[in-house]
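This report refers to the structure that appears directly beneath it.
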Amino acid sequence: MTACTISMLDEWKNQVVAAEDHCHSVEMNREFRELAADIIAQTAFGSSYAQGLEVFEAQEELQKYCAAAHTDIFIPGSQYLPTPLNLQIWKLDKKVRTSLKCIIKSRLNSKATGSSCEADDLLGLMLEASESDGKPKLNVNEIIEECKTFFFAGHETSSNLLTWTVFLLSLHPEWQEKLRQEILKECGMGIPDADMLAKLKLVNMVLLEALRLYSPAVELFRQATKDMKLGDVMIPRGTCISILLAKIHIRKEYWGEDANKFNPMRFINGISKAAKHPNALLAFSLGPRTCIGQNFAMLEAKSVIALILQRFSLCLSPEYKHAPVEIITLQPQHGLPIIVKPLHL
Ligand code: HEM
């Protein structure tokens, strides 16, 4: 995780050094997309970014087509018709599956020749689980589906959390400085380890506030399994319900008069005390389908923010246009250009 981040930061520094005025505009959304892809590929699948690149590119494109399909009026059965959109979706899905099959096969080959020692990553664990008691528990297709879920669930969400956090820090230089002081106190200029990251309370609070104001997952969907009453509303069995997190996260009734404002201090006593309702922050959902990767995502975000603030100050570029858009996750439509200035040249 830190190796990928440091390599990205070294590149920023090189670009700054090459610039005449020693400051440089970086499109953060793109950078964090690549970084999150790199991190999840290496941490979960042990494969390098280069190997996973094809999967991510195809999956990102697939996501755009699926978002387009999602906005169309749904006609039952239409998903099976060879429309131009469906043909694109099927083609890309095939590409994602083929690339993942290659990664899995190469892992199985290395395992057979004894050259792989990455059994404790996600793919290694799944392959191990798939062979216990001599009987396959997960077949290759099931492993592919699990890999797709992890790529999908852990890539865009994490990169968007980083993007919006950097956006908020660039708007609030006083918080940028507070975080930098905390990071330097707990980690110095070294690589933060898990114990150090656990002590970064202010960084944690800022991340939670970013998740509240710019929740990467904008809405959740549920289907009623039986007739039920929600408040005063009757919900018949089978009804699909959209839960608008973005709305819940800024309701004054829960968050108080400053609900629309950036105020990380509201999290000083923890998530359950930040609002009038203990579960008002739903960025990672709740209950049996809660995000399985939330600890990983928070660790990743803390570590990346710590490494950035140790080295750079961040300032919003005048080129930035504020246009958050939901393409499955919440993204800045025109990117996030940030002027980075190294603290030590
Ligand atoms: C800031 C980052 C993240 C956010 C905001 C986020 C948000 C969410 C949300 C809201 C759900 C629930 C969806 C629902 O109930 O319909 C979810 C599920 C899930 N997330 Fe995350 N996620 C993040 C990062 C990650 C990461 C890094 C991983 C994997 C490494 C991951 C893996 C998953 C998986 C596998 C599920 C499905 C769990 C299930 O249905 O049992 N997520 N995530």
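First listed ligand is number 1; within each ligand, the first listed atom is number 1. Residue numbers start at 1 and run along the sequence shown. Model, not experiment: these values are computed from the prediction.
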Residue list, side-chain contact (heavy atoms from CB on, under 4.5 Å) with [X], at least two apart or on another chain:
X      : answer
Lys341 : Cys23, Ser313
Ile250 : Arg212, Leu213, Asn260
Cys291 : Phe284, Gln294

Paired with Val166, the side chain to side chain contact (heavy atoms under 4.5 Å, CB included) test is passed by just one of Leu336, Val304, Val26, namely Leu336

Considering only protein heavy atoms, which is closest to [atom], and at what distance to one decimal place?
atom                    : value
atom 29 (C) of ligand 1 : Phe150 CD2, 3.5 Å
atom 7 (C) of ligand 1  : Ala283 O, 3.4 Å
atom 38 (C) of ligand 1 : Thr290 O, 4.0 Å
atom 13 (C) of ligand 1 : Leu220 CD2, 3.8 Å

Would you indicate whether [X], at its atom [atom1], is surrounded by more than 12 heavy atoms from other residues, nucleotides or ligands within a distance under 6.0 Å?
X      : atom1 : value
Leu230 : CG    : no
Ile292 : CD1   : no
Glu11  : CD    : yes
Lys101 : NZ    : no

At a non-hydrogen distance cut-off of under 4.0 Å, which region of Leu245 contacts ligand 1 (side chain, backbone, both, or neither)? neither

Using heavy atoms and a threshold below 4.0 Å, how should the contact between Arg222 and ligand 1 be classified: side chain, backbone, both, or neither? side chain

Ignoring angles and geometry beyond distance, decide whether Arg289 reaches within less than 3.5 Å of ligand 1 through its nitrogen or oxygen atoms. yes

Right, does atom 1 (C) of ligand 1 have protein non-hydrogen atoms nearer than 4.0 Å? yes

Find all atoms of ligand 1 within a distance of less than 4.0 Å from any non-hydrogen atom belonging to [X], and give their numbers and elements.
X      : answer
Leu161 : 1 (C)
Phe296 : 27 (C)
Ile40  : 30 (C)

Could you tell me if the side chain of Val96 sits less than 4.5 Å from the side chain of Phe151, heavy atoms only? no

Under 3.5 Å: donor-acceptor pair, side chain of Glu186, backbone of Met196: no

Contacts of atom 21 (Fe) of ligand 1 with protein N/O/S atoms, counting only those under 2.8 Å: Cys291 SG

I would like to know whether Gln331 and Glu156 meet side chain to side chain donor-acceptor pair (under 3.5 Å); could you show each step before the answer? CA-CA 9 Å; Gln331 312 176 12; Glu156 292 267 328; 2.8 Å; yes

